[in-house]
Amino acid sequence: MVDDESDMRVLLEAVIETANEGLRVVGNATNGMEAIERWRETGPDVILLDQQMPQMSGLEAAAAILAEKPDQRIILHSAFLDADTHRKASELGIRACVPKGDMTRIPEALWRFGTD
């Protein structure tokens, strides 16, 4: 799970763990560069990735990860999901885009778009 806001990381982890559907957080990061490092260390099944972050956006981090592992499952989670962001995410191979304003959709998105 990647988000530059510590409160959001805590909230997301609580939402995921509370869903009690076999989901668990194996690591988190505060920016895109750190996300790539943590991804290489932990090899998560799914990455929940914020779009607006310092140093490297979620789309930039996703592009770097997908260049190394094209089948990595990524879900973009952001307060700024306009049509252009959806288009770019889809072109990269990101599985889904979930607005930050609807936390209840996170567990469902992880199950539906994070598994095959």
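Because only heavy atoms are used, hydrogens play no part in the values below, and waters and symmetry mates are left out as well, while side chains stay in. Predicted model only: the values in this text are computed from it and were never measured.
Within 6.0 Å of CE in M8 there are more than 12 heavy atoms belonging to other residues, nucleotides or ligands.
The minimum heavy-atom distance linking A109 with I75 is given by the pair O-CD1, 3.2 Å. Between D3 and R9, the shortest heavy-atom contact is O-NH1, 2.7 Å. The shortest non-hydrogen separation linking A29 to R38 is CB-CG, 4.1 Å. Heavy-atom minimum distance, L49 versus G58: CD2-O, 3.1 Å.
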Subject >> Full working for side chain to side chain contact (heavy atoms under 4.5 Å, CB included) between R105 and H77 >> reply: CA-CA 10 Å; R105 291 180 49 198; H77 181 244; over 6 Å; no

Subject >> Check against side chain to side chain contact (heavy atoms under 4.5 Å, CB included), D45 and R73 >> reply: CA-CA 7 Å; D45 293 331; R73 294 176 293 232; 3.6 Å; yes

Subject >> Audit row: N28, L12, side chain to side chain contact (heavy atoms under 4.5 Å, CB included) steps and yes/no >> reply: CA-CA 10 Å; N28 58 59; L12 285 168; over 6 Å; no

Subject >> Residue pair I36, M56: steps toward the side chain to side chain contact (heavy atoms under 4.5 Å, CB included) verdict >> reply: CA-CA 10 Å; I36 295 167; M56 178 183 277; 3.7 Å; yes

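Linking Ile, Leu, Val, Met, Phe, Trp and Tyr whenever their side-chain heavy atoms come within less than 4.5 Å leaves V25 and M53 in two separate clusters. Cluster annotation: L92 and L81 are assigned to the same hydrophobic cluster (Ile/Leu/Val/Met/Phe/Trp/Tyr, side-chain heavy-atom contacts under 4.5 Å, transitive).
Looking at R87 and E91, a side-chain N of the basic residue comes within less than 4.0 Å of a carboxylate O on the acidic one, giving a salt bridge.
Of the inter-residue distances, the one linking N31 atom CG with D50 atom CG reads 11.0 Å to the nearest 0.5 angstrom. To the nearest 0.5 angstrom, M1 atom CE is 10.0 Å from I106 atom CD1. With rounding to the nearest 0.5 angstrom, the OG atom of S90 is 11.5 Å from the CG atom of L76.
Annotation: side chain of I16 is in contact with side chain of L48 (closest heavy-atom distance under 4.5 Å).
A side-chain contact (heavy atoms from CB on, under 4.5 Å) with I74 is found for one member of L59, V46, I47, V2 and no other, namely I47.
For Q72 and W39, the side-chain atoms include at least one donor-acceptor pair closer than 3.5 Å.
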